[in-house]
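Reading through the structure tokens given below for one structure.
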Amino acid sequence: MLRVTTASLCTYCQRMRLLIPPSASASASTVTSPNKRPENQLTVDSLYQLSVDIRKVRKFKGWVLSEGSAYVSETADLLRDLGAEPTAIARILETHPEAVLCRPEDVAAQRDLWVSVCPNKRELMSIIEKFPASFFTLTHHNNQRANILYLQSLRLSNRIIGKLMASAPQSFSRPVELNKEVIHTLRETYLDLGGHEGNLRVWLQKLLSQNPYILLRPAEAWRDSLGFLREQGFTTEELLSLVSSLRASIAELQPGAMEQALAYIEGALACSKDELKEIVIRCPAILYYSLPTLVGRFQGLMDVGVCMEQVKESPNVLELTTQIVLYRIQKLASYGYDVRSGSLDVIVGTKKDFETTYGRLQLRQQRPLFNPVAPLRSAED
């Protein structure tokens with residue numbers, strides 16, 4: 001008599017699921033897993049007809065397949081009307097299968113809302129493909145509409161508003177009064193620091209495009225961060241420069257963490273208060289790096305023979321990880337450039353900046369010692 005153990009039976013079932021159609025697999029799962037809710041076979045078959053990977057949905061969002069009501073064909077039709085190709089529809093429903101649980105009338109209202117910001121259907125479909133969860137989040141519809149109208153009243157571009165809706169939908173789901181408070185604080189901050197009203201819209205758009213989550217930061221966070229920097233002696237003009245450089249990140253800075261970072265840099269570089277301010281203005285990133293990060297990067301520079309004065313002259317080197325610094329130093333050394341005896345400016349900057357510097361060194365090494373085209377001078381010349 002053949003004895004089938006539990007382990008072998010499970011292995012057998014797993015293999016069979018790869019071979020049998022979705023409907024049969026769904027029935028099998030109901031039998032082998034009595035505590036699991038049975039799947040809605042109509043939903044499974046409808047998704048299968050759209051070439052949706054049912055196994056992927058089962059693995060990550062299996063509960064969707066067990067819901068009693070689903071609107072698969074209606075959701076697909078709406079996406080199709082927006083210009084979605086079959087492959088795009090399948091990807092969207094695999095990534096965010098909850099979309100099929102939304103009532104068609106609610107999705108239609110959401111479409112109309114998004115079209116008011118992004119009337120180009122091709123661009124809208126591109127957004128939906130990247131951020132399906134944002135599009136199919138249908139709660140707080142009235143708040144969404146009120147926030148859109150408010151941001152449009154500020155003459156912000158629809159492109160920026162669309163980016164905010166896609167990247168930070170939470171900021172549109174909350175009451176418009178909260179966003180108004182944050183925008184009011186941003187306006188006061190900009191004008192108090194010497195900014196001009198005529199440039200406010202452009203400044204706001206830069207902040208929002210750099211960090212879509214800026215509206216979710218409490219207005220008090222801006223006041224606390226700027227208040228701390230004022231206490232450190234930064235002038236109004238210097239503060240405006242820092243805010244413009246750090247953009248929305250300044251609202252995420254904690255006074256306590258900034259105080260630790262500044263104290264460490266002041267001690268490590270043995271600099272005065274005025275020198276410290278100049279270093280921060282040249283390298284604002286110092287303000288948002290954690291103390292362990294700053295200590296590790298500074299110590300890494302010391303370990304490879306870089307001196308304190310070099311770091312003081314090129315503080316942006318602290319924006320690079322120790323691994324990147326070592327890689328760039330070694331690469332330059334292969335062409336005879338010793339960073340320890342020169343400026344660190346050659347290794348700071350983006351990867352593109354460094355490759356340009358490195359390319360120039362290569363050309364300098366490959367350049368011939370004499371010009372082969374120039375005529376040779378004879379002894380009589």
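Here the structure is a predicted model, which is why all the values come from computation and not from measurement.
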Query raised in the report: Does any N or O in the side chain of Asn147 come within less than 3.5 Å of the main-chain N or O of Ser173, such that one atom is a donor and the other an acceptor?
Result: no
Report task. Keeping the roles fixed (side chain from Glu74, backbone from Arg103), state whether a donor-acceptor pair exists under 3.5 Å. Result -> no
Query raised in the report: Between CG of Leu156 and OH of Tyr150, what distance do you get to the nearest 0.5 Å?
Result: 8.5 Å
Query - Among Ile148, Leu113, Thr137, the one residue meeting side-chain contact (heavy atoms from CB on, under 4.5 Å) with Phe172 - result: Ile148
Report task. I would like to know whether Trp63 and Glu98 meet side-chain contact (heavy atoms from CB on, under 4.5 Å); could you show each step before the answer? Result -> CA-CA 9 Å; Trp63 62 271; Glu98 302 98 309; 3.5 Å; yes
Query raised in the report: Are Tyr337 and Ile329 connected, step by step, through hydrophobic side chains (Ile, Leu, Val, Met, Phe, Trp, Tyr) whose heavy atoms are closer than 4.5 Å?
Result: yes
Query raised in the report: Is there a path of hydrophobic side-chain contacts, each under 4.5 Å between heavy atoms of I, L, V, M, F, W or Y residues, that connects Val325 with Val295?
Result: yes
Requested in this report: Just grab all the salt bridge (charged side-chain N to carboxylate O under 4.0 Å, His left out) pairs involving residues 287-301, residues at least two apart or on different chains.
Outcome: none
Query raised in the report: Crowded around Lys130 NZ? As in, over 12 foreign heavy atoms under 6.0 Å?
Result: no
Report task. Measure the spacing between CG of Leu200 and CG of Leu154 and express it to the nearest 0.5 Å. Result -> 8.5 Å
Query raised in the report: If every non-hydrogen atom of Leu291 is compared with every non-hydrogen atom of Gln260, which pair is closest and at what distance?
Result: CD1-O, 4.0 Å
Requested in this report: Using the side-chain contact (heavy atoms from CB on, under 4.5 Å) rule, take Ser134 and Trp114 through it: C-alpha gap first, then chi angles, then the decisive distance, then the call.
Outcome: CA-CA 11 Å; Ser134 298; Trp114 282 66; 4.3 Å; yes
**Report entry** Ser209 backbone acceptor or donor facing Lys163 side chain under 3.5 Å
**Finding:** yes
Report task. Identify whether Leu178 and Val176 are in the same connected component of the hydrophobic contact network (ILVMFWY, side-chain heavy atoms under 4.5 Å). Result -> no
Requested in this report: Check the pair His184 / Glu188 against side-chain hydrogen bond (donor to acceptor under 3.5 Å, both in side chains), numbers first and verdict last.
Outcome: CA-CA 6 Å; His184 177 71; Glu188 280 188 333; 3.2 Å; yes
Query raised in the report: If we only count heavy atoms from C-beta on, is the Val115 to Arg111 side-chain gap below 4.5 Å?
Result: yes
Query raised in the report: Hey, are the side chains of Leu215 and Leu208 touching, using non-hydrogen atoms and a 4.5 Å cut-off?
Result: yes
Query raised in the report: What about Ile347 and Leu269, same hydrophobic cluster or not, with Ile/Leu/Val/Met/Phe/Trp/Tyr joined at side-chain heavy-atom distances under 4.5 Å?
Result: yes
**Report entry** Gly300 to Thr322 - nearest heavy-atom pair and separation
**Finding:** CA-CG2, 4.1 Å
Query raised in the report: Hey, does the side chain of Tyr213 reach the backbone of Ser167 with a donor-acceptor pair shorter than 3.5 angstrom?
Result: yes
Query raised in the report: After noting the C-alpha distance and the side-chain angles of Thr43 and Glu39, does the key distance pass the side-chain contact (heavy atoms from CB on, under 4.5 Å) rule?
Result: CA-CA 8 Å; Thr43 301; Glu39 292 180 349; over 6 Å; no
Query raised in the report: Do Ile89 and Leu124 share a hydrophobic cluster (ILVMFWY, side-chain heavy atoms under 4.5 Å, transitive)?
Result: yes
Query raised in the report: So Gln152 and Leu149, side-chain contact (heavy atoms from CB on, under 4.5 Å) or not? Walk me through it.
Result: CA-CA 5 Å; Gln152 287 178 332; Leu149 292 175; 4.0 Å; yes
Requested in this report: Mind checking the CG-CG spacing from Asp106 to Leu101? Nearest 0.5 Å is all I need.
Outcome: 12.0 Å
Query raised in the report: Sub-3.5 Å donor-acceptor pair from the side chain of Gln310 to the main-chain atoms of Gly342, do we have one?
Result: yes
Query raised in the report: Which heavy-atom pair separates Ala261 from Leu294 by the least distance, and what is that distance?
Result: CB-CD1, 3.6 Å
Report summary line: When Gln330, Gln323, Lys331 are each screened for side chain to side chain donor-acceptor pair (under 3.5 Å) with Tyr327, the one that passes is Lys331
Query - Main-chain N/O of Asp53 paired to Glu94 side chain as donor or acceptor, under 3.5 Å - result: yes
Query raised in the report: Does a side-chain heavy-atom distance below 4.5 Å link His140 with Gln170?
Result: no
Requested in this report: Please say whether more than 12 non-hydrogen atoms of neighbouring residues, nucleotides or ligands are located less than 6.0 Å from CZ in Arg223.
Outcome: yes
Report summary line: CG (Leu318) and CG (Leu301) are apart, to the nearest 0.5 Å, by 6.5 Å
**Report entry** Where Cys102 and Leu138 come nearest, the two heavy atoms and their spacing
**Finding:** CB-CD1, 3.5 Å
Query raised in the report: Measuring from Lys61:NZ to Lys56:NZ, what's the distance to the nearest 0.5 Å?
Result: 10.0 Å
Query raised in the report: Side chains of Glu259 and Phe228: does their closest heavy-atom pair fall under 4.5 Å?
Result: yes
Query raised in the report: Under a 4.5 Å cut-off applied to non-hydrogen side-chain atoms, are Val311 and Met308 in contact?
Result: no
Query raised in the report: Closest heavy-atom contact between Lys277 and Gln232?
Result: CD-O, 4.1 Å
Query raised in the report: Should Arg328 and Val339 count as side-chain neighbours, where that means a heavy-atom distance under 4.5 Å?
Result: no
Query raised in the report: Are Arg91 and Glu85 close enough, and set up right, to give a salt bridge (Lys or Arg N to Asp or Glu O under 4.0 Å), and what steps lead you there?
Result: CA-CA 10 Å; Arg91 280 197 304 269; Glu85 299 290 335; over 6 Å; no
Query raised in the report: Backbone N or O of Ala88 within a donor-acceptor pair of the Glu129 side chain at under 3.5 Å?
Result: no
Query raised in the report: Does a donor on one side chain sit under 3.5 Å from an acceptor on the other, for Gln299 and Asp303?
Result: yes
**Report entry** Atom pair CG (Leu204) and CD1 (Ile160), whose distance is rounded to the nearest 0.5 Å
**Finding:** 10.5 Å
**Report entry** Main-chain N/O of Leu253 paired with Ser225 side-chain donor or acceptor, under 3.5 Å
**Finding:** yes
Query raised in the report: Would you call Ser46 and Ser73 a side-chain contact if the rule is heavy atoms closer than 4.5 Å?
Result: no
Requested in this report: Determine whether more than 12 heavy atoms belonging to other residues, nucleotides or ligands lie under 6.0 Å from atom CZ of Arg340.
Outcome: no
Requested in this report: Check the side chains of Arg174 and Asn179 for a donor-acceptor pair under 3.5 angstrom, ignoring hydrogens and angles.
Outcome: yes
Query raised in the report: Tyr264 vs Phe298 aromatic rings, parallel, tilted or perpendicular, using cut-offs 30° and 60°?
Result: perpendicular
Query - Side chain to side chain, Leu262 and Leu287, heavy atoms closer than 4.5 Å - result: yes
Report task. Without swapping roles, check the side chain of Lys312 against the backbone of Cys271 for a donor-acceptor pair under 3.5 Å. Result -> no
Query raised in the report: What do you reckon, is CD of Glu237 surrounded by more than 12 foreign heavy atoms closer than 6.0 Å?
Result: no
Query - Side-chain donor-acceptor pair present, Glu67, Asn40, cut-off under 3.5 Å - result: no
Requested in this report: Identify the two heavy atoms, one from Pro132 and one from Ile92, that lie closest to each other, and give their separation to 0.1 Å.
Outcome: CB-CG2, 4.0 Å
Query raised in the report: Checking side-chain contact (heavy atoms from CB on, under 4.5 Å) against Cys118, which of Arg159, Met125, Glu123, Met165 comes through?
Result: Glu123
